[in-house]
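The next block holds one structure in the form of structure tokens; read it before the comments.
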Amino acid sequence: MRDFGRLLGVAVPTLALATAAIAVLQDRLGVPNPSAVYLVAVVATAIISGTLGAIATSVAAFVLYTYLFTEPRNTFHIEDPGVLVSVLLLLFVGVVVGQLTARQRSRADAARQREQEARALFSISRQLVTRDSVQTVLGEICRALQRDARMSAVWVTLGLAEGGDSIGVVNQLRRMPAETPPQWVRVHQPAGRARTHKDLDTFRVAIESGTDMVGAIWASRPRDTGPPNAHETRLLAATADQLGQAIAHDRMAADSQSAEVARASDALKSALLQSVSHDLRTPLATIRAAAGTLRSGTVDFHADSDGHESLDAIDREVEYLNRLVTNLLDLSRIEAGVLRPELDTFELDDLVRPTIERLGARLTGWTLQVQVGAHLVEADPVLFDAVLTNVLENSVRHTTPGTTIRLSSADPGEMTRLVIEDSGAGVPDDLLDTIFEKFYRAPTRNSSRSGTGIGLAVARGFVEAIGGRIEAHRSELGGLAINIDLRSAQMPADTIGAPTTGLS
């Protein structure tokens, strides 16, 4: 009905204008046989209404010219054979010109639809290619389909969720084999849960990944609009295919990521077991031997120094085990991202002194030089103590008694630097960036106990947690130097000019 109305809307006025023009040309200006003017109406109708409209207009032009302008007039009888031939030629040429014009119009319409379809598919493909996940681009894809497929509403359901439970009849797109175009098939929902929308038609396109259905594209529009045409059907089907591929890709990426996390977790567990197994056996063997000596009953604590040495060995190894377990727990906190530093303002020498005093027995035998000023820094004292303890124990572990360990501070700027350096064998320059990695052990450092390779990793995690930096380089003493940079704090006005004290 709409197409017929469009045909009348263009054919009637163009035929009327052509008839008026022929009347002027033939009756007033004396132009013989101006019937070709009707071809203008035929071409105009063909452009608007297609082939059928062009044929109908050609027949109407033939009838009008025969009735109004051939002798005898106002009849369909033609006396002159030449005029009869001209009128028949008008009908023939009108039909041919109309068909050619309509065909060209159809080709232009098809090319325009192909271009629109390509643009729409490109936009959807770009959304899917640049997506973080399929869910993040579904809204934009639905809006594009609503616009380009001429739908009132478009929505997508993923998984087995149904998006049309309340719809009585759904037009399901059925994929056909080979090159056969897909077809819309009306499907009735189960009785009792669906109600029919009188003014809307609903369309459903399954989203498939391989042989599995992973979702559906739903769309609706007014019933008088009719079913989607070939262009709109191809757009909906192609979008469903791309969504199926994108969902499959996301699933494979998620599976791959899960497998990689599991593999990394297994590798971490293996590395952890390999790293700590020897370091656990050694102190445990020492403790067991010392305990055996004490249990033998031959030790006189008043006259025999072996008893005191055994107790010292037990205390030393228990302290080592405590430090080992503490570092493992600290490393897990760093990896989990649950560190919550409590920053405050401290003088740097007040942070360094308690740690050195607590490690006094451990540092016996090494020449300790401390030149740290009372620079104001922002730090968490608990985390800083763990950092300095790990760095100093690393220096002790990888140097021999008699070597020098020096702590010094630089003039503060935006950051205040604490330098811990030793005169041991050092670390090759190409390995300086790796000594802060988990479970790494420098191969060239002198050591009576290799360590687990997590102390400096914990130190780096804690320093970064309090807003600082840590790095390693070759020491002026010939060994390894580690720089710890902490944020400088503003000195209160009433303390400016006060003398600076340091550890010595």
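At distances below 3.5 Å, at least one donor-acceptor pair connects side-chain atoms of Ser488 with backbone N or O atoms of Gly413. A donor-acceptor pair under 3.5 Å links the side-chain atoms of Arg221 to the main chain of Pro227, judged by distance alone. A donor-acceptor pair is defined here as one N or O able to donate and one able to accept, closer than 3.5 Å; no such pair exists between the side chain of Asn483 and the backbone of Val419. With hydrogens and angles ignored, the 3.5 Å screen pairs no side-chain donor or acceptor of Asn394 with any backbone N or O of Asn390. For Ser123 (side chain) and Arg119 (main-chain N/O), no donor-acceptor pair under 3.5 Å exists by modelled atom type.
Between Phe384 atom CZ and Ile484 atom CD1 the span is 5.5 Å, to the nearest 0.5 Å. Rounding to the nearest 0.5 Å gives a distance of 10.5 Å between CG of Leu359 and OG1 of Thr364. With values rounded to the nearest 0.5 angstrom, Arg204 atom CZ is found 13.5 Å from Leu236 atom CG. Atom CZ in Arg234 sits 8.0 Å away from atom CG in Asn229 (nearest 0.5 Å). How far CD of Gln183 is from CG of Leu173: 9.5 Å, rounded to the nearest 0.5 Å. In this structure, Arg150 CZ and Thr225 OG1 are separated by 7.0 Å, a value rounded to the nearest 0.5 Å.
Looking at every heavy atom in both residues, Ala459 comes nearest to Val391 through CB-CG2, 4.3 Å. Among all heavy-atom pairs drawn from Thr399 and Gly424, the shortest one is CG2-CA, 3.8 Å. Minimum heavy-atom separation, Trp366 to Ile405: CD1-CD1, 3.9 Å. When all heavy atoms are compared, the tightest approach of Val370 to Leu368 is CG2-CG, 3.9 Å. Nearest heavy atom pair, residue Asp422 against residue Ser395, reads OD2-OG, 3.6 Å. Here the shortest heavy-atom pairing between Val214 and Ser209 reads CG1-CB, 3.9 Å.
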Exercise for review: Let me see the working for Leu480 and His398 under side-chain contact (heavy atoms from CB on, under 4.5 Å), right down to the final yes or no.
Suggested key: CA-CA 10 Å; Leu480 177 69; His398 295 289; over 6 Å; no
Check your understanding: Stepwise, does the salt bridge (charged side-chain N to carboxylate O under 4.0 Å, His left out) test hold for Arg353 with Glu347?
Key -> CA-CA 10 Å; Arg353 183 184 295 107; Glu347 292 184 352; over 6 Å; no
Exercise for review: Begin with the C-alpha distance, continue with both residues' side-chain angles, and end with the deciding distance and a verdict on side chain to side chain donor-acceptor pair (under 3.5 Å) for Arg358 and Thr389.
Suggested key: CA-CA 9 Å; Arg358 182 172 53 81; Thr389 297; 2.5 Å; yes
Practice item. Evaluate the side-chain contact (heavy atoms from CB on, under 4.5 Å) criterion for residues Ile124 and Leu145: first the C-alpha distance (whole Å), next the side-chain angles of each, then the deciding distance (0.1 Å), finally the verdict. Key: CA-CA 9 Å; Ile124 292 172; Leu145 289 178; 3.9 Å; yes
**Study point:** Audit row: Gln242, Ile141, side-chain contact (heavy atoms from CB on, under 4.5 Å) steps and yes/no
**Key:** CA-CA 11 Å; Gln242 292 193 37; Ile141 290 175; over 6 Å; no
Practice item. Show your reasoning for whether salt bridge (charged side-chain N to carboxylate O under 4.0 Å, His left out) applies to Arg175 and Glu208. Key: CA-CA 11 Å; Arg175 307 299 180 97; Glu208 298 177 346; over 6 Å; no
Exercise for review: For the pair Ser409 and His375, evaluate side chain to side chain donor-acceptor pair (under 3.5 Å) and give the outcome as yes or no after the intermediate values.
Suggested key: CA-CA 8 Å; Ser409 59; His375 311 299; 3.2 Å; yes
Review point. Taking it one step at a time, do Thr130 and Val137 satisfy side-chain contact (heavy atoms from CB on, under 4.5 Å)?
Key: CA-CA 9 Å; Thr130 59; Val137 297; 5.9 Å; no
Exercise for review: Show your working on salt bridge (charged side-chain N to carboxylate O under 4.0 Å, His left out) between Asp485 and Arg417 and close with a plain yes or no.
Suggested key: CA-CA 4 Å; Asp485 293 333; Arg417 173 165 294 179; 2.8 Å; yes
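At least one side-chain heavy atom of Leu121 sits under 4.5 Å from a side-chain heavy atom of Leu235. Contact check for Phe346 versus Asp380: no side-chain heavy atoms found under the 4.5 Å cut-off. You'll find the side chain of Ser152 reaches within 4.5 Å of the side chain of Pro222, heavy atoms only. Side-chain contact between Leu388 and Leu407 is present, with heavy atoms from C-beta onward closer than 4.5 Å. Side-chain contact between Val154 and Arg147 is absent, with no heavy-atom pair separated by less than 4.5 Å. Proximity of Leu158 to Gln135: side-chain heavy atoms (C-beta onward) are separated by under 4.5 Å at one or more points. Annotation: side chain of Glu378 is not in contact with side chain of Ile466 (no heavy-atom distance under 4.5 Å). Contact check for Leu243 versus Leu138: side-chain heavy atoms found under the 4.5 Å cut-off.
In summary, the side chains of Gln369 and Thr404 do not present any donor paired with an acceptor at a separation below 3.5 Å, with no hydrogens or angles considered.
Residue Glu464 places its CD atom among more than 12 non-hydrogen atoms of other residues, nucleotides or ligands, all under 6.0 Å distant.
Partner Val352 forms a side chain to side chain contact (heavy atoms under 4.5 Å, CB included) with one of Leu392, Leu418, Asp385 and no other, that one being Leu418. Among Glu140, Arg126, His249, the one residue that satisfies the side chain to side chain contact (heavy atoms under 4.5 Å, CB included) test with Arg131 is His249.
Ring planes of Trp218 and Trp155: parallel class, angle under 30° (limits at 30 and 60°).
Using a 4.0 Å cut-off between charged nitrogen and carboxylate oxygen, Arg223 and Asp199 do not count as a salt-bridge pair.
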